[in-house]
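One structure is given below, encoded as structure tokens.
Heavy-atom basis, side chains included; hydrogens, waters and symmetry copies ignored.
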Amino acid sequence: QVQLVESGGGLVQAGGSLRLSCAASGLTLSSYAMGWFRQAPGKEREFVAAISRSGGSTYYADSVKGRFTTSRDNAKNTVYVQMNSLKPEDTAVYYCAGQRSAVHTTTPALYRVWGQGTQVTVSS
């Protein structure tokens, strides 16, 4: 069974940090480019960050560039996003997702495998 499981969410004060993990099972993670998305109440799901299959290329939304860093450990079948200098507007449910194409995309519909999400709440 293919599964992605996020962890590491929680409540943090503005300016704080969190590291989210996404553990994969039932698939070979190195075959997937991975993305991070988030969805706040009443808003559409939006792209946050992505990393290529090898980890050699990373991509970020302008809103998180310079504050978030995504990485992966294919040997551990795990992807991470380090989130620093968190702001209240970063509050959302965060999802990891995988897609098989070598072409980077920020479109949620093109990602075929999704985790269940983890809540991140940033207080002011």
Nearest heavy-atom contact between S17 and N84 is OG-OD1, 2.9 Å
Working for side-chain contact (heavy atoms from CB on, under 4.5 Å), residues Y95 and T118: CA-CA 7 Å; Y95 300 88; T118 186; over 6 Å; no
Using atom types as modelled and distance alone, determine if a side-chain donor or acceptor of R72 lies under 3.5 Å from a backbone N or O of S52. yes
Please round to the nearest 0.5 Å and tell me the distance separating atom OG of S63 and atom CD of E89. 9.0 Å
Out of curiosity, M34 CE to L29 CG, how far, rounded to the nearest 0.5 Å? 5.5 Å
Aromatic contact between F47 and W36, with the criterion being ring centroids under 6.0 Å apart: yes or no? no
Decide side-chain contact (heavy atoms from CB on, under 4.5 Å) for T105 and Q99; before the verdict, give the C-alpha distance in whole Å, the side-chain angles of both, and the deciding distance to 0.1 Å. CA-CA 9 Å; T105 178; Q99 57 104 357; 3.8 Å; yes
Considering all heavy atoms of both residues, which atom of V93 and which atom of Q119 are nearest to each other, and what is their separation? CG2-OE1, 3.3 Å
Is a side-chain donor or acceptor of N74 paired with a backbone partner of R53 at a separation under 3.5 angstrom? yes
Step by step, work out the side-chain contact (heavy atoms from CB on, under 4.5 Å) result for Q116 and V5. CA-CA 7 Å; Q116 83 290 347; V5 178; 4.2 Å; yes
Partner set under side-chain hydrogen bond (donor to acceptor under 3.5 Å, both in side chains) for N77, not counting sequence neighbours: none
Please report the shortest heavy-atom distance between A40 and A92, naming the atom on each side. N-CB, 3.9 Å
I would like to know whether T78 and D73 meet side-chain hydrogen bond (donor to acceptor under 3.5 Å, both in side chains); could you show each step before the answer? CA-CA 5 Å; T78 304; D73 185 339; over 6 Å; no
Mind telling me whether H104 and Y59 have parallel, tilted or perpendicular rings, with 30° and 60° as the class edges? parallel
Decide whether I51 and Y94 are clustered together by the hydrophobic rule: side chain heavy atoms of Ile, Leu, Val, Met, Phe, Trp, Tyr closer than 4.5 Å, transitively. yes
Ignoring hydrogens and geometry, is there a side-chain-to-backbone donor-acceptor pair from T70 to Y80 under 3.5 Å? yes
Ignoring hydrogens and geometry, is there a side-chain-to-backbone donor-acceptor pair from R112 to A97 under 3.5 Å? no
On a heavy-atom basis, which atom in M83 and which in L20 lie closest, and how many Å separate them? CE-CG, 3.7 Å
Applying a strict under-4.5 Å side-chain criterion to I, L, V, M, F, W and Y, I'd like to know whether V48 and V12 cluster together. yes
One thing to verify: whether K65 and D62 come together as a salt bridge, which I'm taking to mean a side-chain N less than 4.0 angstrom from a carboxylate O. yes
State, with a plain yes or no, whether a side-chain heavy atom of V79 is found less than 4.5 Å away from one of Y32. no
Say whether, by atom type as modelled, one donor and one acceptor occur between the side chain of Q3 and the main chain of S25 under 3.5 angstrom. no
Flag the pair V81 / T69 as yes when at least one side-chain heavy-atom distance between them is below 4.5 Å, and no otherwise. no
If every non-hydrogen atom of S101 is compared with every non-hydrogen atom of A33, which pair is closest and at what distance? O-CB, 4.0 Å
Is any side-chain heavy atom of C22 closer than 4.5 Å to one of L4? yes
Check the orientation of W114 and F37. Use parallel for under 30°, tilted for 30 to 60°, and perpendicular for over 60°. tilted
Can a donor-acceptor pair be found, under 3.5 Å and without considering hydrogens, that links the side chain of R67 to the backbone of S85? yes
Closest non-hydrogen contact found for T91 with V122 is OG1-N, 2.9 Å
Apply side-chain contact (heavy atoms from CB on, under 4.5 Å) to the pair R38 and E46, showing each step before the final yes or no. CA-CA 5 Å; R38 66 187 181 188; E46 65 173 358; 2.6 Å; yes
